[in-house]
There are 2 protein chains.
Amino acid sequence: MIAGLLDGTWKGGDRLTEAEAVERFGVSRTPVREALLELQGLGLVELRRNCGAVFAPFGPDELRDLYAVRSLLEVEATRLAATRLEKDWIEAMIAAFEKIRDQGGVDPDWESDRELHTAIAEASGNRRLAAEIARYGELVQLMREIVGEQALGGIHNTTVNEHLDILHAIERRDEASAAEAMRRHLAQAADSAAGATLRRREEIRE
Amino acid sequence: MIAGLLDGTWKGGDRLTEAEAVERFGVSRTPVREALLELQGLGLVELRRNCGAVFAPFGPDELRDLYAVRSLLEVEATRLAATRLEKDWIEAMIAAFEKIRDQGGVDPDWESDRELHTAIAEASGNRRLAAEIARYGELVQLMREIVGEQALGGIHNTTVNEHLDILHAIERRDEASAAEAMRRHLAQAADSAAGATLRRREEIRE
DNA sequence: TCAAGCCGAATTGTATACAATCACGCGAAT
DNA sequence: ATTCGCGTGATTGTATACAATTCGGCTTGA
């Protein structure tokens with residue numbers, strides 16, 4: 001529903017009134033309003049009184065900014081996880097990692113990917129940090145749904161190795177390496193996402 | 001309204017149904033729901049189906065986590081602001097700073113304080129980072145309203161000097177010093193907030 | 001011609017009624 | 001005694017009607 005409002009065809013500055021959204025989804029204004037409020041919380045629309053919701057621009061610049069913040073959060077969480085290294089969380093991380101590895105399909109298993117990132121985030125010991133990371137996970141997931149999941153495929157083996165680097169560094173309690181490995185991993189993800197959105201833009205132009 | 005729901009007397013795990021909130025405020029469920037959703041977005045309550053909203057615990061640990069994340073965001077923004085150093089933003093920062101300094105009253109002018117932090121955040125050039133920082137500004141403001149503003153008074157001169165350190169470092173394009181100055185500033189703020197919440201808890205116990 | 005003021009349509013904000021869902025307690029069967 | 005199942009009441013989710021606000025255009029006057 002929330003993703004439905006963002007069908008990928010909007011341009012920054014486009015406006016959508018609640019009435020239009022109601023017409024498009026066949027539900028009443030109440031859930032539409034809540035969805036719009038949630039999108040505002042994620043920073044994807046700006047709600048203005050009696051003017052409709054205006055979509056925030058979402059091009060390469062915004063994607064770069066988004067991944068910069070995500071990286072800031074997750075790198076710090078990784079560093080903290082390496083310093084604390086609690087056994088329960090290590091097991092959770094490894095379980096999530098093996099789930100991704102054994103999946104082995106061509107298309108990446110984003111759910112397991114999120115589980116791993118969540119495990120690392122919670123291993124940081126900072127619940128609010130973990131919550132913010134989860135929020136960015138939602139945002140990225142939403143982006144995937146808009147852009148089309150298949151557009152992000154074909155990076156599976158690479159990500160497995162990147163995850164492995166991160167986990168090994170955490171197990172060694174090597175916080176600097178762990179942070180750097182996570183930084184590299186997210187830089188890769190950012191590049192991949194940028195490519196996918198560009199391809200998506202071209203699809204729309206056709 | 002949002003702050004009203006959190007009157008400072010709740011304990012973590014307490015539940016509040018929409019009906020109770022309606023009764024307490026004399027407004028209908030619609031705005032109550034929106035307020036609760038916003039509180040959920042800020043991570044202060046957890047909304048569970050047919051169970052009412054359960055308040056998140058908010059003690060010293062949570063406060064520490066909160067300021068850790070806030071510091072992570074604002075320190076990075078300060079660093080970026082120092083590397084970019086665009087003239088317009090410098091002027092905005094100085095204007096906000098002088099407003100705080102010339103205020104000179106005993107009670108800190110939190111509105112101007114937020115303006116300065118906002119100016120620094122936007123000078124980072126990362127709009128999403130600035131948006132997250134603004135979100136944490138709201139959260140801290142909310143906390144002040146709950147805890148009682150007066151409880152945080154008496155730190156005015158200290159914060160002026162801290163702000164000055166940050167601005168001077170940014171003007172020198174000394175990103176390391178600027179980041180460190182912001183880190184110290186927020187560590188002070190965290191201590192101050194911790195003290196205020198503790199005092200508040202004692203007030204309630206009486 | 002331009003500006004000021006006002007009116008109406010459009011849009012959001014709020015209240016309330018109704019539907020769906022779930023928790024909790026009771027009772028019966030094993 | 002414990003557990004399973006069910007029914008009822010409570011609570012949230014949704015729809016819709018109404019109030020408040022605001023934007024745009026039109027008129028009117030200088």
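Computed from a prediction, not measured in an experiment: that's the story for all the values here. Each chain gets a letter, A, B and so on, in the order its sequence line appears, and its residues count up from 1.
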Trainee: Rounded to the Å, how far apart are E46(B) CD and dT12(D) P?
Mentor: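 Result: 14 Å.
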Trainee: Tell me yes or no: between the side chains of D165(A) and H185(A), is some donor less than 3.5 Å from an acceptor?
Mentor: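 There is no such pair (donor and acceptor under 3.5 Å, judged by atom type) between the side chains of D165(A) and H185(A).
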Trainee: Report the C-alpha distance between H168(A) and H163(A) in whole Å, list the side-chain angles of each, state the deciding distance to 0.1 Å, and finish with yes or no for ring-ring contact (aromatic ring centres under 6.0 Å, His included).
Mentor: CA-CA 9 Å; H168(A) 281 162; H163(A) 285 153; over 10 Å; no
Trainee: Under the 6.0 Å and 45° cation-pi test, does R144(A) pair with W110(A)?
Mentor: yes
Trainee: If each of G26(B) and T17(A) is mapped to the nucleotide of DNA chain C with the nearest heavy atom, which maps nearer the 5' terminus, i.e. the 5' end?
Mentor: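 Whichever sits nearer the 5' end wins; that is T17(A).
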Trainee: Can a side chain N or O of S28(B) be found less than 4.0 Å away from OP1 or OP2 on dA15(C)?
Mentor: yes
Trainee: Using a 3.5 Å cut-off and no angle test, enumerate the donor-acceptor pairs between side-chain atoms of residues 42-69 of chain A and protein atoms at least two apart in sequence or in another chain.
Mentor:
from: E62(A); atom 1: OE1; to: G59(A); atom 2: N; distance (Å): 2.9
from: D65(A); atom 1: OD2; to: R127(B); atom 2: N; distance (Å): 3.3

Trainee: Give the rounded distance in Å between these two atoms: CD of E18(A) and C1' of dT14(C).
Mentor: 12 Å
Trainee: Figure out the CG/C1' separation between L16(A) and dT11(C), and round it to whole Å.
Mentor: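 About 12 Å, once rounded to whole Å.
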Trainee: What integer distance in Å separates E23(A):CD from dA10(C):C1'?
Mentor: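 Rounded to the whole Å, the gap is 15 Å.
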Trainee: Tell me whether R200(A) is salt-bridged to E203(A), with the criterion being a basic N under 4.0 Å from an acidic carboxylate O.
Mentor: yes
Trainee: Measure CD/E34(B) against P/dT14(D) and give the value in whole Å, please.
Mentor: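 Between P of dT14(D) and CD of E34(B): 14 Å.
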Trainee: Given that G52(B) and T30(B) both sit by DNA chain D, which one's nearest nucleotide is further toward the 5' end?
Mentor: G52(B)
Trainee: What are the atom names and distances for every N/O pair under 3.5 Å that joins the protein to nucleotides 21-24 of chain D?
Mentor:
from: dT21(D); atom 1: O2; to: N50(A); atom 2: ND2; distance (Å): 3.4
from: dT22(D); atom 1: O4'; to: N50(A); atom 2: ND2; distance (Å): 2.7

Trainee: Return the value, rounded to whole Å, for the distance between atom CZ of R33(B) and atom P of dT16(C).
Mentor: 16 Å
Trainee: Taking the side chain of P31(B) as heavy atoms from C-beta outward, which of dT12(C), dA15(C), dG13(D) is closest to it?
Mentor: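 Nearest to the side chain of P31(B) among the choices is dA15(C).
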Trainee: Does a side-chain N or O from R29(A) land closer than 4.0 Å to OP1 or OP2 of dA15(D), or not?
Mentor: no
Trainee: Does the T118(B) side chain pair with the main chain of R114(B), one donor and one acceptor, at a distance under 3.5 Å?
Mentor: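 Pair found, side chain donor or acceptor close to backbone of R114(B).
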Trainee: Measure CZ/R48(A) against C1'/dA10(C) and give the value in whole Å, please.
Mentor: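 In whole Å, dA10(C) C1' lies 16 Å from R48(A) CZ.
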Trainee: For S71(B) and L186(B), work out which heavy atoms get closest and say how close.
Mentor: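 What the structure gives for the nearest pair is CA-CD1, 3.5 Å.
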